[in-house]
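Read through the structure below, which is laid out as structure tokens, and then see the notes.
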Protein chains: 2
Amino acid sequence: MARASSVKDVAARAHVSLGTVSNVLNRPERVSPATRAKVEQAMRDLGFVRNESARQLRAGRSRTLAYVLLDARNPFFTDVAQGAELAAESAGLSLFLCHSGNRPSREADYLAHLVEQRVQGILVTPVDPHAAVLDDVRRNGTPLVIVDRTREDAEFCSVAVDDVLGGRLAVEHLVEAGHTRVAFIGGPETIGQVRDRLAGARQAWAAAGLPDDQLTVIATDALTVAEGRSAGERVMGIGSSRRPTAAFCVNDLLALGLLQQLSTAGLSVPRDLAIVGYDDIEYAAAAAVPLTSVRQPRQELGRRAAELVLDEAEDPDHQHQQVVFTPELVARRSTLG
Amino acid sequence: MARASSVKDVAARAHVSLGTVSNVLNRPERVSPATRAKVEQAMRDLGFVRNESARQLRAGRSRTLAYVLLDARNPFFTDVAQGAELAAESAGLSLFLCHSGNRPSREADYLAHLVEQRVQGILVTPVDPHAAVLDDVRRNGTPLVIVDRTREDAEFCSVAVDDVLGGRLAVEHLVEAGHTRVAFIGGPETIGQVRDRLAGARQAWAAAGLPDDQLTVIATDALTVAEGRSAGERVMGIGSSRRPTAAFCVNDLLALGLLQQLSTAGLSVPRDLAIVGYDDIEYAAAAAVPLTSVRQPRQELGRRAAELVLDEAEDPDHQHQQVVFTPELVARRSTLG
DNA sequence: CCTTTCCGTTGAAACCTTTCAAACGAGGGA
DNA sequence: TCCCTCGTTTGAAAGGTTTCAACGGAAAGG
């Protein structure tokens, strides 16, 4: 493969100066049609491709955004990514996705690489929103927005969804349906979302005047289908006089596992146990018994995050904002007889 | 925000030449410990970050791979991505994911951008493996490997899975279980995978000596859960004397939709209808009735693709290879009483 | 016929890093 | 004391693009 051709080669071939080639690329209206045609022909002949590194070096900034996400296999994040992509596209930028897989070291590697690349901005759902790596990015001047997590200090823009409200909506829905013994399934509590949704659940429970000890917390080690199955076994192990009649799962994967475990055991949803999930992933509606779930405006989350990061990149007196979206309950058969 | 500092700034602050700073970065063993310490301190003081664009410009190549995928929400592709990521990581590279969302224009934009960035290599699951954009990339000298699709000409490396075999495995499994009326659910046939899996299904059917007209093709417009539900309605509409006793769905999403439709209608799986899916996505095992499915070595696919693209990038007399992996049937309750 | 204006084009400088031949200085041997 | 060697440091060049002040020429106006 011959060395890729440069503007200089194009200029030589078109018998013009290299400044003119650059003008064809960047300000075509300034170039006479005849010259432009000549240059464009030369580009085609040589298969010229702009060298983005050089362009970036000169311009000082790139034409990309990046989203560093926790888990590409979780539909929640890919939906957020899609929203971000739409916003990026309309700003004429490309969006690269980076998968940290929940590993802080990988996250740090990606962030460092992105900063070195001088991307226009970074969206990140961090493993730990307080990790110092985020501050390092800030110090290097790359705009960064935290997605689906929050930090108390106002050092960064962030977009998140009100998880306390989400928890409240879920439990209010169950209370309205007449349930008086409910299980909260989720964990570990180190995850902010788990804490917040539980807090919301408790608020709703208390507001309904129901006794504390009738809201049972079933702790899980992760938010996965397998953990949902195991939680299902534990629920079924509870003596029937004290067994909850409904469960609120902190995400849909848990809920799907729970549902599977129950139907394996021959129990019926919602008759024997009503279920509310969280996230409203595509597979929630596609489950054997379509799941009631708390929906978050995922695309919107991504779109807004991208807008904020662009604002931070372009507006010299940008103010950091903490955007909080409102979740919404989608009722389906898993709670409606 | 002050302008980001450069090697020159670091050099000035450490009272050394800029060549020395570069040596600290790239060949630390050549620099005396005292000088190195001084330079490193200056870097910390200034918050110096390498400018990757300049580095790349000089070096002529970047330290990234990219995978342009069709649909980030399909777990199949994210698993492939994960495999590719592992390979990239052990080669010291970063992997960026680009989501084409099945849109040729977006795919073309991403490819163009990646070529301009002079990435080391591109993996792509193209909307259309024969599209000219792929040849353009080749012409510009960027290594490119086609993932999960094939092209007859040997212009590119590719990695794929033997879909004919997969189709055969699925139907052989059903035949062994004694089914003599089977539905093939999938479409449109413009998708190579659909054609191949159907071909495999027919092979197995013929090999078992079963009559052609007992393998019913139920065509769908897409490979989605919704289409699976609609296919379910059509299956149930068939008079019971002629109704198939088993269905082979061209992917798991269809199978999940079908399963949901049947259980809504009060039919039982596998008693009333056995189901085989394809892809073995996480949610296949998590379904109310765990799905029998044809598993593809997804991670392996990504890993191998990344290795091939690196070989193409590094080995001057690289030979294009068409790698074909073997699928495997995973039997679960949806076909086992 | 000369001057002004304007459009199109030019060439050099700048962006930041890496590389490499050359310079440097200290220490050891003659 | 001088020379050589070896390990360290230096400075300039290169890589491809963009920008911008300056230039040339032609048309328009006097």
Value in whole Å for how far the C1' atom of dT17(D) lies from CG of Leu57(B) | 8 Å
Does Ser32(A) make a side-chain N or O approach to OP1 or OP2 of dT9(C) shorter than 4.0 Å?
-> yes
Using a distance-only test with no angle check, is there a side-chain donor-acceptor pair under 3.5 angstrom linking Gln193(A) and Asp148(A)?
-> yes
Just to confirm, is there a sub-4.0 Å distance from OP1 or OP2 of dT9(D) to any side-chain nitrogen or oxygen of Thr20(B)?
-> no
Interatomic distance, Asn23(A) CG vs dT17(D) P [rounded to whole Å] | 14 Å
Reckon Val16(B) touches a base, only the sugar-phosphate, or nothing at all at heavy-atom distances under 4.0 Å?
-> sugar-phosphate
To the nearest 0.5 angstrom, please state how far the CZ atom of Arg149(B) sits from the CG atom of Leu70(B).
-> 5.5 Å
To the nearest Å, how far apart are Asn26(B) CG and dT10(D) C1'?
-> 16 Å
Expected output: side-chain Tyr110(B) to main-chain Leu95(A) donor-acceptor under 3.5 Å | yes
Options dT10(C), dT18(D), dT19(C), nucleotide nearest the side-chain atoms of Arg27(B) = dT19(C)
Spacing of Asn51(B) atom CG relative to dG16(D) atom P, expressed in whole Å | 17 Å
Smallest heavy-atom separation, Ala313(A) atom then Gln120(A) atom, equals CB-O, 3.8 Å
Which comes earlier along DNA chain D counting from the 5' end, the contact point of Val31(B) or that of Phe48(A), where each point is its nearest nucleotide?
-> Val31(B)
Which word best sums up how the rings of His113(B) and Phe96(A) line up, parallel for under 30°, tilted for 30 to 60°, or perpendicular for over 60°?
-> tilted
If you check the Arg58(A) side chain, which of dG11(C), dT19(D), dG8(C) turns out closest?
-> dT19(D)
In whole Å, what is the span from the CZ atom of Arg63(A) to the C1' atom of dT18(D)?
-> 13 Å
When rounded to whole Å, the CD to P distance for the pair Gln117(A) and dC16(C) reads 16 Å
Closest to the Thr35(B) side chain, choosing from dT9(D), dT18(D), dT18(C) = dT9(D)
Atom CD of Glu116(B) and atom C1' of dT18(D) are separated, to the nearest Å, by 14 Å
Nucleotide of dT18(C), dT18(D), dT17(C) approaching Val7(B) most closely (side-chain heavy atoms) = dT17(C)
Does dG8(C) have OP1 or OP2 sitting under 4.0 Å from an N or O in the side chain of Arg30(A)?
-> no
Rounded to whole angstroms, how far apart are NZ on Lys8(A) and P on dT10(C)?
-> 16 Å
Contacts of Glu29(A) and Leu18(A) projected onto DNA chain C by closest heavy atom; the upstream (5') one is Glu29(A)
Would you say a side-chain N or O of Ser22(A) is under 4.0 Å from OP1 or OP2 of dT18(D)?
-> yes
